[in-house]
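Here is the structure we will look at, set down as structure tokens.
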Amino acid sequence: DSLLALGVGVYRDLLVLAGGCPDLVTHEGHLPALKSQVARLDGPRIRKLLRVFAEADEHRVCNVNPKILLQRLCVGLSK
């Protein structure tokens, strides 16, 4: 649960940074690392990774088997 929320939050922060809105970052203490990641990822890739985490969180809410949920998350992140 907290891993998925963290993933959604981090990729959301990457997306707002990529969009030029650093004032909207919620993980301010990690701003240098986030900026480093934004430099390596493009907007479409960030959106895809955010979607992967958000879908995993939706599946968690629907009581999907945790093992299957994590497998799908790992596959989604590797593509």
So how far is it from [X] [atom1] to [Y] [atom2], rounded to the nearest 0.5 Å?
| X | Y | atom1 | atom2 | result |
| --- | --- | --- | --- | --- |
| Lys48 | Phe53 | NZ | CZ | 11.0 Å |
| Leu4 | His59 | CG | NE2 | 11.0 Å |
| Tyr11 | Arg45 | OH | CZ | 7.5 Å |
| Arg60 | Glu55 | CZ | CD | 14.5 Å |
| Leu15 | Leu41 | CG | CG | 11.0 Å |
| Ser36 | Leu17 | OG | CG | 11.5 Å |

Without placing hydrogens or testing angles, list every side-chain donor-acceptor pair under 3.5 Å for residues 69-78, not counting sequence neighbours.
unit_1: Ser78; atom_1: OG; unit_2: Cys74; atom_2: O; d: 3.4
unit_1: Ser78; atom_1: OG; unit_2: Val75; atom_2: O; d: 2.8

Check your understanding: By side-chain hydrogen bond (donor to acceptor under 3.5 Å, both in side chains), which residues pair with His27, not counting sequence neighbours?
Key ->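 Counting only residues at least two positions away or on another chain, His27 forms a side-chain hydrogen bond (donor to acceptor under 3.5 Å, both in side chains) with Asp13.
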
Review point. Are Val25 and His30 close enough, and set up right, to give a side-chain contact (heavy atoms from CB on, under 4.5 Å), and what steps lead you there?
Key: CA-CA 9 Å; Val25 170; His30 299 286; over 6 Å; no

Review point. Side chains of Gln37 and Ile46: closer than 4.5 Å at any heavy-atom pair?
Key: no

